[in-house]
Amino acid sequence: MFKQRKVLSSILVVAMVALLITSLTSTPTNAWWIFGEDSQEESQVKTKQTNKQPKYVFLFIGDGMAASQRQLASYFLKAKTGNQDAQLTMNKLPVGGMNTTYASNTLVTDSAAAGTALATGYKTNKGMIGQLPNGTSVRTIIEAAEAKGMGTGVISTMRLTHATPASFLAHNESRYNPNQIAEDIAQSNVDFLAGGGYRHFIPKTAKKSERKDNKNLVKVFKDKDYKTFVGDPQGFRAYKPKKGDKVFAPLTASHLPYELDRNPNTTPSLAEITQKGINTLVKHDNGFVMMVEGGRIDYAGHANSPATVANDVLAFDKAVQKAYRFYKKHPKETLIVVTGDHETGGLGLGFKNNYFLNIDKLLPIKSSLDQLNYTGDRKAFFTSLKKDYGLTNLTAKEKAKIEKAMNLADAGKKLVNYMPGWMSPVNAMVAKIVSARAGLFWTTYAHTGTAVPLTAAGVGANNFSGYKDNTQVAKEMANLLDLKLTNLK
Ligand SMILES: [Zn+2]
C-alpha cells in the first residue's frame, strides 16, 4: 500500500510538472481537471452521499408487539430450542429506540391511527386510514417511493385491506370501509402485494366475496399486467420472479392463519412470502421500500393467548431474518427497521407475588384458541385440553373454573368480546389458566398505551434511535430517501 502510494505520488509530481510546462508554453487546455483536487473531493462527497442513502429499505411492523411480546417470544425461543443463547434476530439488531404510539384523539391507539403515523408521519384519529383528523389525505412512504420510481412492496398476514397495510396503500375516513380501501389498493401501482383478503377484490357474485357491487378488482390488476395469485398459495410458491414483474397475491379469502394453525404444506409462512417479495423487488433498478406486517400477533393478544402470541412473533422474526440475510449481502445499501404499532392485551410477565415465569408450560400447546371448540361434550373437551393444550393435570380449582364457564356456554352465553369478535367463555377461561400457569397476566382484551421498542440495522439506522414518537419513523425514512411526505389534496 505504502509503496504503491509512493509510486503514485511520484507519477503525479511528474505529471504536474509536465502540465505546468504545457500550460506556460501553450494555450490552456481542459486537461487540468483530470488531476485537479476538486474532482477528487467531488467524487468523495458523492460516495458519502450514496453511503448515507439506503437503496433497500425494510419496515417490519409487529401488530400489537411491544416489549412484553418481544420478551415473551425470546424466552419461548430459549425454552423451545433448549438453547439459553438463542435470540430473536430483531432483538440482535444494533440500534435501539422506543416510540410513543398515542393517536390524535386518544392515548390508546388502534392499528389505523398507528399505521397512518408510521406510514405518513402524521398523527390522526383512531380508525382513520392515511388521512388527517380533518379528512385531508396524506401521502405514505410507499406512495412516495413509488412516485420516485423505486420498487415497492406491502406484505401482511392480515387481509390487505386491514388497518396496517391499508394505512400504507389507501386513504379513507374509516378502516371499516374495506371495499373502498380495496379500490385504492387496486389503483396504488405497488409492485408486490401479498397477504390475505381476496374477498374484497372479487365481485359480489363470486364465492366468498364480501363486496356489495359487481366490481372485479382482480381484473384491474390483470389489465396492468400483474401476476395474480388469488387464493392460489401453490401458484405463488411455484412462481419465479422476473425483472419488471408486479405481483398481486391475496392468498386467502380472509386473514392468513395464526402460525400455530398454519399448515406448512398448503400455506406459505410470512418468511417465505417476504423472501418472494425480496426476490421480486431486488430486480428493480432503483431499489425498494417494503413494509412487512406480522398482523396476527395482535389478534392473539386480543384473545389473551400467550402461546399464539409467541409463535406469531417467532414467525415474524423469521421474516426479519430473511431481510437480515439480505442486509448481510448488501450491508452498504440496506436499512432494516423493526417496530410495533401498539401493545395489545396489557401483557404482564409476572403477577401476584410470584417471582417466576414458566414459559415452558406454553410448549405443548398445538393450536390457537380458535381451534378449541366446546360443543357441550365436556369429556371430549377435557381430552382435547390434555392432547392439544398440555393441560394434563388440572387442579380441582382449575377444573371447577372451566366447568363454571361451560355452564355459561351451555346457557348460550358468549360473554367475552375480545374485540375482533366474540369468544366462548370456556376458551377465555382456558386462556386465563394457561397464562397463569406460565406466570403471565393480561389487563385487557383491547390495546394499551405503552411505548413500543424499535430496533434497526444498516444504512441510516442511527436516525431511529432514542425515545421518540411513532411519527418520527416515517419522517426519518422520508429524510433518508429524499421522499416528500405531503398532503395529497
Ligand atoms: Zn388490535
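Each ligand, and each atom within it, is numbered from 1 in the order the structure gives. When a residue number appears, it is its place in the shown sequence, counting from 1.
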Q: Evaluate the criterion side-chain contact (heavy atoms from CB on, under 4.5 Å) for residue pair Val57 and Val459; output intermediate values, then yes/no.
A: CA-CA 9 Å; Val57 176; Val459 186; over 6 Å; no
Q.
Is there a side-chain contact (heavy atoms from CB on, under 4.5 Å) between Asp184 and Asn172? Walk through the geometry before answering.
A. CA-CA 9 Å; Asp184 277 10; Asn172 205 289; 5.6 Å; no
Q | Proximal protein heteroatoms (N, O or S) of the Zn ion (ligand 1), under 2.8 Å | A | Asp298 OD1, Asp298 OD2, His302 NE2, His447 NE2
Q.
Check whether Tyr239 forms a cation-pi arrangement with Lys276 (NZ or CZ under 6.0 Å from the six-membered ring centre, at most 45° off the ring normal).
A. no
Report all side-chain donor-acceptor pairs from residues 306-314 shorter than 3.5 Å, counting only partners two or more places apart or in another chain.
{"unit_1": "Thr308", "atom_1": "OG1", "unit_2": "Ser305", "atom_2": "OG", "d": "2.6"}
{"unit_1": "Asn311", "atom_1": "ND2", "unit_2": "Ala307", "atom_2": "O", "d": "2.8"}
{"unit_1": "Asp312", "atom_1": "OD1", "unit_2": "Glu259", "atom_2": "N", "d": "2.8"}

Q) How about Lys126: does its NZ atom have over 12 heavy atoms from other parts shown lying under 6.0 Å from it? A) no
Q: Measure the acute angle between the ring planes of Phe288 and Tyr56, then classify it against the limits of 30° and 60° as parallel, tilted or perpendicular.
A: tilted
